[in-house]
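Working notes, structure below.
Chain letters run A, B, ... following the sequence lines, proteins first and then strands; every chain starts at 1.
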There are 2 protein chains.
Amino acid sequence: MVGREIERLIQLLSRLPGLGSRSARRAALHLVEKRDTLLLPLAEALAAAAEKVRTCSVCGNFDSVDPCTICGDPRRESTLLCVVEDVAALWALERSGCFRGRYHVLGGLLSALDGIGPDDLGLPRLAARIGEGAIAEVILATPATVEGQTTAHVVAEHLTPLGVKVSALAHGVPVGGALDYLDDGTISAAVKARRAL
Amino acid sequence: MVGREIERLIQLLSRLPGLGSRSARRAALHLVEKRDTLLLPLAEALAAAAEKVRTCSVCGNFDSVDPCTICGDPRRESTLLCVVEDVAALWALERSGCFRGRYHVLGGLLSALDGIGPDDLGLPRLAARIGEGAIAEVILATPATVEGQTTAHVVAEHLTPLGVKVSALAHGVPVGGALDYLDDGTISAAVKARRAL
């Protein structure tokens with residue numbers, strides 16, 4: 001019905017997260033309509049990203065330089081290290097602006113089902129970084145899911161023999177959250193971890 | 001925070017319909033993670049679309065050939081012509097599979113505010129096509145909005161002197177639609193246009 005080039009474009013766009021087949025069609029049409037202002041620039045940006053962007057060999061972040069901007073920034077705390085599941089989590093922490101240390105990107109979570117073990121998460125590399133001695137505290141920021149917390153436990157077990165302080169993000173009521181809309185697990189976690197006022 | 005290439009990619013992706021800044025970031029990450037299977041193929045598909053896809057000089061559809069596949073298909077009814085607002089509407093009609101005639105894409109709707117007049121909608125070109133004599137009926141399939149219906153009226157006024165039959169899509173209850181969820185305008189349209197059983 002439409003040309004082969006447009007079909008191919010729709011098919012690839014529909015593989016992006018957040019775009020179904022209908023929105024991929026709309027996006028493809030929008031791109032073809034905005035050939036010079038969007039389609040060509042996006043093609044160039046993708047080619048540039050493919051050429052330049054690489055995984056940081058120190059922390060696992062994506063950047064055009066290796067080590068990445070964060071690892072190479074001398075103003076960042078080198079005594080604090082935050083362990084995250086993936087680069088999306090790293091970016092979320094960076095956006096919050098609350099953390100000025102460095103990172104270790106696991107690149108996934110432990111999963112016996114998918115055959116993902118400690119080596120796949122770069123734990124030997126993490127242990128080697130800690131062995132260098134500059135890191136005083138490791139903050140585990142894996143997701144608050146069963147897999148995330150299991151992974152946090154295993155990472156903590158790997159790190160405690162190294163004599164480094166290990167901590168994890170607090171669980172509780174999200175800021176702005178009404179109790180009525182929260183799940184039971186979050187409410188019990190918030191009650192258990194209640195703080196004195 | 002992230003490399004210049006990724007920032008640029010996120011910025012361009014966020015201009016696609018259906019992708020906000022958050023989902024553009026997720027899409028960019030997904031692309032960088034799937035460099036060989038998605039990022040590079042998408043870059044190539046965009047470049048190919050930019051090079052090949054053009055507007056059909058007869059109907060205004062997008063295709064890699066001119067006249068487009070629909071205009072060039074001898075099996076399609078050449079006596080029926082459907083007037084649509086844009087290529088998205090043309091594709092929607094094609095997907096429904098209910099129309100086997102040819103098209104005229106207006107490329108917009110009449111709008112005094114935006115300075116869009118009859119010439120901008122290719123009405124002289126449409127009149128010329130009808131003047132060639134093969135077309136027996138023109139179906140107006142502009143949207144059922146104020147602008148869409150105003151445009152349909154003006155197009156009809158342009159075409160009736162040419163002696164061609166002009167029709168418009170029926171208004172009424174969408175198939176699968178419950179009355180309780182319909183707006184008043186649709187319900188009155190359906191009552192006015194009720195059919196004998």
Show the nearest heavy-atom pair for residues [X] and [Y], with the distance to one decimal.
X: B:Ala43; Y: A:Ala47; value: CB-N, 4.1 Å
X: B:Leu46; Y: A:Leu39; value: O-CD2, 2.9 Å
X: B:Arg22; Y: A:Arg95; value: NH1-NH2, 4.3 Å
X: A:Ser64; Y: B:Glu5; value: OG-OE1, 2.6 Å

For this session: Return the option, out of A:Gly18, A:Ala50, A:Ala88, with the maximum number of heavy-atom pairs under 4.5 Å with chain B.
Result: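 Top count of heavy-atom pairs under 4.5 Å with chain B: A:Ala50.
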Problem set entry | Which of A:Asp73, A:Val32, A:Leu40, A:Val65 touches chain B most, by non-hydrogen pairs under 4.5 Å |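 Highest number of pairs under 4.5 Å: A:Val32.
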For this session: Measure B:Arg26 against the heavy atoms of chain A and call it side chain, backbone, both or neither at under 4.5 Å.
Result: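 When you check distances to chain A, atoms from both the backbone and side chain of B:Arg26 fall under 4.5 Å.
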Exercise. Which bit of B:Leu31 is near chain A, if near means a heavy-atom gap under 4.5 Å: side chain, backbone, both or neither?
Worked result: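 When you check distances to chain A, only side chain atoms of B:Leu31 fall under 4.5 Å.
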Problem set entry | Pairwise side-chain contact, B:Leu42 with A:Leu9, heavy-atom cut-off 4.5 Å (strictly under) |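 They are in side-chain contact.
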Exercise. For A:Val53, is it the side chain, the backbone, both, or neither that has a heavy atom closer than 4.5 Å to a heavy atom of chain B?
Worked result: side chain
Exercise. Measuring heavy-atom distances to chain B, does A:Arg15 have an atom under 4.5 Å in its side chain, in its backbone, in both, or in neither?
Worked result: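 For A:Arg15, heavy atoms of backbone and side chain both lie under 4.5 Å from chain B.
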Problem set entry | Worked check of side chain to side chain contact (heavy atoms under 4.5 Å, CB included) between A:Ile6 and B:Asp63 | CA-CA 8 Å; A:Ile6 302 187; B:Asp63 206 329; over 6 Å; no
For this session: Verify, without hydrogens or angle tests, whether A:Arg8 (side chain) and B:Ala45 (backbone) share a donor-acceptor contact under 3.5 angstrom.
Result: no
Enter the distance from [X]:[atom1] to [Y]:[atom2] here, rounded to the nearest 0.5 Å.
X: A:Glu33; Y: B:Thr55; atom1: CD; atom2: OG1; result: 9.0 Å
X: A:Leu19; Y: B:Leu19; atom1: CG; atom2: CG; result: 4.5 Å
X: A:Arg4; Y: B:Thr69; atom1: CZ; atom2: OG1; result: 11.5 Å

Seminar exercise, completed: Quick note, ring pair (Phe, Tyr, Trp, His ring centres under 6.0 Å) partners involving residues 153-191 of chain A, not counting sequence neighbours, are none
For this session: May I ask you to name which of B:Asp36, B:Asp86, B:Thr37 has the most heavy-atom pairs under 4.5 Å with chain A?
Result: B:Thr37
